[in-house]
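Since the structure is predicted, the reported quantities are computational estimates derived from the model, not experimental observations. A, B, ... follow the sequence lines: proteins, then strands. Residue 1 opens every chain.
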Amino acid sequence: MSEERPASELSLAEQVANRREHREEIRRMGLPAYPNRFALTHLVSRAVEEWSPKDAATLEAMPEEKRKVRVPGRILALRRMGKKAAFLDLSDGLSRLQAYVRTDAVPEADWKIFETLDLGDHIGVDGVVFRTKTGELSIKVHGLTFLSKSLRPMPDKWHGVTDVEIRYRQRYLDLIVSPETRRTFEVRAKLVGYIRRFLDARGFLEVETPMMQIIPGGAAARPFVTHHNTLDLPLYLRIAPELYLKRLITGGFPKVYEINRNFRNEGISTQHNPEFTMLEFYTAYADARDQMALTEEMFAGAALEIHGTTELPWGENKISLAAPFQRLTMKEAAIEYGKNLRSGPITEEDLSTLPALRKTAGRCGIEDVERFGDVSGKLLAEIFEAVAEEHLIQPTFIIDYPAEISPLSKTRPDDPGIADRFELFIGGMEVANGFSELNDPDEQADKFRAQVAEREKGDDEAMLFDEDYIEALSYGMPPAAGEGIGIDRLAMLFTNSLSIRDVILFPLMRPRGERR
RNA sequence: GGGCCGUUAGCUCAGUGGUAGAGCAUUUGCCUUUUAAGCAAGGGGUCGCGGGUUCGAAUCCCGCACGGCUCACCA
C-alpha cells in the first residue's frame, strides 16, 4: 500500500485508490464494508444533548455502566497521536462528538479497522463518556464497527463548501459539513408542519389536486408542456391548483388546503425557481379580509413557535411578524414610494387616467409601455411594482387591486373596477396573494373571454377559457375566499436566506457538460 | 436575453508577460488527552475550453462554456 505511484497519476485518483485499498483491507479482515445495521444507543446530537451539561467531575463520579454508549457517525476530523492513539470527530450532520481511540483500550482487530479509516467514513463506536483534560466531551472507545466507506475526499475541513455551485448541485456535501444548511431545512420543515397543524386545527381538509392538467389555469404564467402517450393527450404541469380547489368548495368541502408544487416556465432568480411550493387554502363563507386576519395569525404563530419571537432578522433589517400587518391600497403604495422619484413625485392624478398612467410608467423606467395596451390596471400594477415592491420590508397587505388583472376575483360591491383582493409583501417579496373568489359563472365566463382576447393580442400569460370550471361554478359555489402563500419565500424569511436556492434542497441547475 | 464579476492542485485561495505557488487534504517518518493538534520529508496541475498577439501567455485580445449577482418577466 505504500508502493511508488507514477508521477502522472492525478491526486484525486490517487486518493480514491488509497481509499479503495483501505476498503479492501476491511474486506480482507472478513468484515462487511457495508454492513446492514448498527444497534445504537444515541445519535451524536442526542449524546451531546444528554451529556454536555455534565462536567468532568460529575462524569468521573458516575459508574462506567451508566456512561456506556454506542454511537454511529461520520468521521469529519482525525487527529492521530502517533501510532497508538487518536482523536476523531464523529458527526450526525447536526452535532459533533469526539471519540478517543487508543491501542490498549480496544481489541486488536478493532485497532486494525481504525488504521484503515479515512475522513468521511462512517463508523460506530462502543465506549464510555468522559471529558478530556481540556474539558472536551468525548467517548473513550472500547470497540469500533466499520459502517460505510467514503471513496472520495471530504470538502475542506475549515472552509466547508463555499462554492455555491457545489452547494446546490451536491447538496449532500453541503449538508455533511454545514450544520447551518441542515438547520435551514429543519426550519423549513417545522414551518410547513406548523402550517398544516394550524389549518388542520381550524377545520381545513388537506387535499391533493392534479399536477398534470389539460387546461393550465389559476394564475397568469407560462406552463411546462408534457404529453400522455396512451391517451395521446397534451398535458401541462400545473401553474396553480386554484381552479380544482374551488371545484372542491363547490363540492361541499367548506375549508380545503393544498401544499404542493407549482411549475412555471419562467426565469430563474433569487426569488424564482421553476418548481416551487405553494400553499393554497380556501374558506367558504369568508372574504378577503378574513383571509388576511388568518394569515396574520398563522405567520405570527409560526414565528413564535419556531423562533420564540415575532421579530426575524432579514439581511440588514429586522422584520416584525406581529399582527396586525400594515394595509395600503395599491395606489397609496405607488404614491408613498413614488414621492422621491427623480422625475418628480407620483400624484393621485398621475394614476387616474390611461394617458397619465402611460406617462407615469415611462417615468418609472418601464420600457415599451405600449405592450400593456389600454389595460390601465396592468400599468398601475407595473408602476406599483417598479416603485414600491422592494421597499415593502415590513409585512404589508396591498389591497384594491385593479379588477382587470384579477380575473378570478370578485370585485368590490361598491366599485366593479376594483378587485376584493390583496397581496402580502414581506422583505420586498410577494409572499401571498388572496381574494374573495368570483363565483358568478356568467361573470367568470366574461372574464375568461377577456383573458382569451388578451392572449390573442399577444399576452402569452393570459388565461385560457376553462369550460369545465364554468360548468362547476354554474352548480353554485358558496361565497368563499382563497389565498396562495409561497412556501419557499416564507422559508427564506424564516431562515434569513436571501436566495430561494438556499431553501430548496435541489434547485434547478443547468446540467454540467464535462462531468460524467 | 442584456450588463457586471468569476473559473489556477481534491478543497480554500495567491500569482499583471519570463521555470506554476501557499494552507488544508493526501503519502512517508516521529509523537498514548489532541482539537483548524504539532514537527519533518514527498507526490499531485490540459492554469474552464478554443483561437489570436508575442521570442515567450495563468497573465494581453477575441469567441465559447459554466457559475454568481443584477436588469427584464413571474409568486
Taking only residues two or more places apart in sequence or in another chain, which ones pass side-chain hydrogen bond (donor to acceptor under 3.5 Å, both in side chains) with [X]?
X: A/Thr283; answer: A/Gln291
X: A/Lys140; answer: none
X: A/Thr132; answer: A/Thr134

Between [N] and [M], how far apart are the two [atom1] atoms, rounded to whole Å?
N: B/G10; M: B/G2; atom1: C1'; result: 36 Å
N: B/U16; M: B/A20; atom1: C1'; result: 15 Å
N: B/U7; M: B/U12; atom1: C1'; result: 14 Å
N: B/U70; M: B/C64; atom1: C1'; result: 22 Å
N: B/G29; M: B/G43; atom1: C1'; result: 15 Å
N: B/G23; M: B/G38; atom1: P; result: 12 Å
N: B/U59; M: B/A40; atom1: C1'; result: 35 Å
N: B/G63; M: B/G42; atom1: C1'; result: 41 Å

key: Closest non-hydrogen atom pair between A/Arg19 and A/Met154, with its separation   =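 Heavy atoms only, the tightest pair is NH2-N, 4.4 Å.
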Where the side chain of [X] is concerned, which of [options] is the nearest nucleotide?
X: A/Pro153; options: B/A75, B/A37, B/A25; result: B/A25
X: A/Ser499; options: B/C69, B/U26, B/U35; result: B/C69
X: A/Phe87; options: B/A75, B/U32, B/U33; result: B/U33
X: A/Thr270; options: B/U35, B/G43, B/U70; result: B/U70
X: A/Asn18; options: B/U32, B/U34, B/U26; result: B/U26
X: A/His22; options: B/G10, B/U27, B/U32; result: B/U27

request  = Taking side-chain contact (heavy atoms from CB on, under 4.5 Å) as the test, write out the residues that go with A/Glu115, two or more places apart.
outcome  =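 So A/Glu115 forms a side-chain contact (heavy atoms from CB on, under 4.5 Å) with A/Trp111.
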ask   = Excluding sequence neighbours, so at least two apart, what forms side-chain contact (heavy atoms from CB on, under 4.5 Å) with A/Phe224?
value =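 Residues passing side-chain contact (heavy atoms from CB on, under 4.5 Å) with A/Phe224: A/Leu237, A/Phe263, A/Asn265, A/Pro274.
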query = Start at the 5' end of RNA chain B and walk down; is the nucleotide closest to A/Glu390 or to A/Glu385 reached first?
reply = A/Glu390
key: A/Gln98 vs A/Arg80, nearer the 5' end of RNA chain B by closest nucleotide   =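 Its nucleotide being nearer the 5' end, the pick is A/Gln98.
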When all nucleic acid strands are considered with a 4.0 Å heavy-atom cut-off, which category describes [X]: base, sugar-phosphate, or nothing?
X: A/Glu136; value: base
X: A/Asp459; value: nothing
X: A/Phe130; value: base
X: A/Glu382; value: sugar-phosphate
X: A/Ala220; value: sugar-phosphate
X: A/Ser269; value: nothing
X: A/Arg131; value: nothing
X: A/Asn262; value: nothing

Atom-to-atom span, [atom1] of [X] to [atom2] of [N] - whole angstrom:
X: A/Gln271; N: B/A75; atom1: CD; atom2: C1'; value: 9 Å
X: A/Ile268; N: B/U70; atom1: CD1; atom2: P; value: 14 Å
X: A/Ile485; N: B/A75; atom1: CD1; atom2: P; value: 15 Å
X: A/Arg222; N: B/A72; atom1: CZ; atom2: P; value: 16 Å
X: A/Met81; N: B/C31; atom1: CE; atom2: C1'; value: 7 Å
X: A/Tyr100; N: B/U33; atom1: OH; atom2: P; value: 5 Å
X: A/Arg96; N: B/U34; atom1: CZ; atom2: P; value: 18 Å
X: A/Glu21; N: B/U26; atom1: CD; atom2: P; value: 17 Å

Any strand is fair game: report the nucleotide pairing with [N] by Watson-Crick or G-U wobble, both distances under 3.5 Å, or none.
N: B/C64; result: B/G48
N: B/G43; result: none
N: B/A25; result: none
N: B/U34; result: none

ask   = What residues, two or more places apart in sequence or in another chain, satisfy ring pair (Phe, Tyr, Trp, His ring centres under 6.0 Å) together with A/His142?
value =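 Listed in chain order: nothing, the list is empty.
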Respond yes when some side-chain nitrogen or oxygen of [X] is under 4.0 Å from OP1 or OP2 of [N], and no when none is.
X: A/Lys83; N: B/U32; value: no
X: A/Arg102; N: B/U32; value: no
X: A/Arg169; N: B/G67; value: yes

message = Cation-pi check for A/Phe506 against A/Arg171: NZ or CZ below 6.0 Å from the six-membered ring centre and within 45 degrees of the axis, yes or no?
response =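 No, A/Arg171 and A/Phe506 do not form such a contact.
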inquiry  = With the threshold set at under 4.0 Å for non-hydrogen atoms, list the residues of residues 105-126 of chain A touching RNA chain B in residue-number order.
reply    =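 Of all residues in residues 105-126 of chain A, the ones placing a heavy atom under 4.0 Å from RNA chain B are A/Leu119.
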ask   = Would you say the side chain of A/Thr134 and the base of B/U33 hold a donor-acceptor pair, judged only by whether the two atoms sit under 3.5 Å apart?
value = no
For [Y], does its backbone N or O pair with a side-chain atom of [X] as donor and acceptor, under 3.5 Å?
X: A/Asp118; Y: A/Leu151; value: no
X: A/Thr116; Y: A/Ile113; value: yes
X: A/Ser436; Y: A/Ala481; value: no
X: A/Ser409; Y: A/Pro407; value: no
X: A/Arg67; Y: A/Val129; value: yes

task = Give a yes/no verdict on base stacking between B/A75 and A/Phe276: centres under 5.5 Å, planes within less than 30° of parallel.
result =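 A/Phe276 vs B/A75: stacking yes.
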ask   = Can you pull the salt bridge (Lys or Arg N to Asp or Glu O under 4.0 Å) pairs that have at least one residue in residues 83-94 of chain A, sequence neighbours excluded?
value =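 Listed once each, the pairs are A/Arg79-A/Asp89, A/Asp89-A/Arg96.
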Taking only N/O atoms, report every protein-nucleotides 11-14 of chain B pair under 3.5 Å with atom names and distance.
{"from": "B/C11", "atom 1": "O2'", "to": "A/Asp156", "atom 2": "N", "distance (Å)": "3.2"}
{"from": "B/C11", "atom 1": "O2", "to": "A/Asp156", "atom 2": "OD2", "distance (Å)": "2.9"}
{"from": "B/U12", "atom 1": "O3'", "to": "A/Thr162", "atom 2": "OG1", "distance (Å)": "3.4"}
{"from": "B/U12", "atom 1": "O2'", "to": "A/His159", "atom 2": "NE2", "distance (Å)": "3.3"}

